[in-house]
Amino acid sequence: MRSLITGGAGFIGSHLTEHLLGLGQEVVVLDDLSTGSEHNLAAVADHPGLSFHHGSVNDPEAVEAALQGVDAIYHLAAAVGVFTILDKTLHSLRTNLLGVETVLEAARRHQVPVLLASTSEIYGKNTTEGITEDDDRIVGSPLVNRWSYAEAKALDETYAHLYGVEYGVRSVIARLFNTVGPRQSGRYGMVVPRFVEQALAGEPLTVFGSGEQIRCFCHVLDVVPALVALMADESAYGTAYNIGSNEQISIAELAERVIKATGSTSSVVHVPYQEAYGPGFEDMERRVPDCGKAERTVGFRPQRTLDDIINDVTAERRLRRDSASAAV
Ligand code: NAD
């Protein structure tokens with residue numbers, strides 16, 4: 001079995017790469033290294049089953065070259081993170097729309113199945129607790145830049161659906177809720193690594209908005225096997241699955257939890273959304289999934305708690321800080 005992982009040098013993609021290699025599969029990574037890094041693949045860099053292609057999913061030739069002999073495609077490459085989307089909105093929109101079409105066209109030619117990494121963002125402002133895959137989207141204005149990520153990902157799902165209906169391309173959609181763990185960058189707006197880095201540096205933890213927003217964080221090591229199980233189960237094809245945790249926490253509580261876990265003396269400061277993200281920014285108050293469908297189909301049930309996540313991210317960041325100071 002040989003799998004192509006687009007975005008395989010990213011946070012989730014690198015864990016998926018290691019997992020598939022561990023299962024004895026060959027893995028081809030296609031990544032433009034825009035937010036990912038070859039360092040993320042350092043542990044498997046010399047693995048004989050891994051090949052790395054530096055290129056874009058928007059480039060049909062790069063996708064075609066990476067797809068030779070491949071049996072399955074995990075399409076994870078995307079412009080990700082609120083800061084990325086707000087800084088480079090048009091570029092991000094293009095990446096997230098064009099990439100999927102290029103990949104689906106290639107999947108059609110080679111007749112290989114695709115797992116599409118979608119997002120809880122597609123539910124928009126629907127704050128239903130225990131949101132299910134059939135719940136309606138409540139979308140913000142198309143003129144508010146923040147929603148362009150959700151719009152693109154929702155259209156990606158529609159593309160996958162229509163390529164299935166009209167061309168018989170097999171695909172499964174994983175709607176990922178907040179996924180966290182070692183190697184996730186805090187640079188693009190991801191809250192857990194950002195809080196941990198601030199706590200270890202003794203800097204104030206910056207809570208954007210009121211801090212009352214409710215989120216659920218799932219460990220990447222729980223998410224990755226679910227992606228592989230969905231790809232392996234043909235009964236899952238043609239539909240979407242929520243993948244996430246339902247352990248709820250407010251962002252203000254998360255800041256306190258990180259301070260406690262790291263033993264930091266940092267304080268917490270609140271930064272208005274407008275200051276953090278610019279005028280007109282909108283966010284959702286609650287994002288809590290019902291993952292019963294994934295549990296019934298592939299037995300998905302997260303094993304790791306939020307404390308496990310914070311401890312793992314802290315251990316990794318401490319190691320990085322230690323090796324950075326040893327190198328000076
Ligand atoms: P990431 O930024 O670490 O990974 C994205 C990878 O895609 C990076 O390695 C980046 O270099 C690569 N990439 C970007 N544009 C590319 C292009 N044009 N061609 C080739 N490679 C390109 O982010 P992640 O958190 O690992 O996200 C992976 C996927 O999961 C994304 O599709 C994202 O939308 C989805 N997702 C993630 C989360 C989360 O909480 N982390 C939640 C919902 C959905």
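FYI, the numbering just counts along the sequence from 1. Any value given below was found using the heavy atoms of this structure, including those in side chains, with hydrogens, waters and symmetry copies removed. Please read all numbers here as calculations on a predicted model, not as lab measurements. Counting convention: from 1, in listed order, for ligands and their atoms alike.
Between F300 and Y241, the distance separating the two ring centers is not shorter than 6.0 angstrom.
For ligand 1, the polar-atom distance check against H75 finds no nitrogen or oxygen pair separated by under 3.5 Å. Residue Y149 places at least one N or O, backbone or side chain, under 3.5 Å from an N or O of ligand 1. Distances between N or O atoms of V80 and those of ligand 1 include no value under 3.5 Å. Between S56 and ligand 1, at least one pair of N/O atoms sits closer than 3.5 Å. Below 3.5 Å of separation, one finds no N or O of G13 facing any N or O of ligand 1. For the pair I12 and ligand 1, the shortest N or O to N or O distance falls below 3.5 Å. At a 3.5 angstrom cut-off on N or O pairs, K153 counts as close to ligand 1. For a threshold of 3.5 Å applied to N or O pairs, the pair formed by T179 and ligand 1 contains at least one separation below that value. Distances between N or O atoms of A79 and those of ligand 1 include no value under 3.5 Å.
Aromatic ring orientation, F208 versus Y277: perpendicular (interplanar angle above 60°, classes split at 30° and 60°).
Against a heavy-atom cut-off of under 4.0 Å, Q184 is close to the following atoms of ligand 1: 41 (N). Atom numbering of ligand 1 starts at 1 in the shown order; those under 4.0 Å from a heavy atom of S34 are 10 (C), 11 (O), 13 (N), 14 (C), 15 (N).
With a 4.0 Å heavy-atom cut-off, ligand 1 is reached by the backbone of S118 but not by any atom from C-beta on.
Distances from atom 16 (C) of ligand 1 to the heavy atoms of L30, D32, L176, V191 show the closest one on D32. The heavy atom nearest to atom 10 (C) of ligand 1, out of those in V29, L33, V220, T35, is found in T35.
With sequence neighbours left out, the salt bridge (charged side-chain N to carboxylate O under 4.0 Å, His left out) criterion links R301 to E295.
Taking 4.0 Å as the cut-off, G55 counts as a neighbour of ligand 1 on heavy-atom distance. Heavy-atom separations between D31 and ligand 1 include at least one value shorter than 4.0 Å.
In this structure, R137 fails the cation-pi test against Y123, since its NZ or CZ atom is not both closer than 6.0 Å to the six-membered ring centre and inside 45 degrees of the ring normal.
V196 approaches R317 most closely through the heavy-atom pair CG1-CG, 4.0 Å. Between V70 and I73, the shortest heavy-atom contact is CG1-CG1, 4.4 Å.
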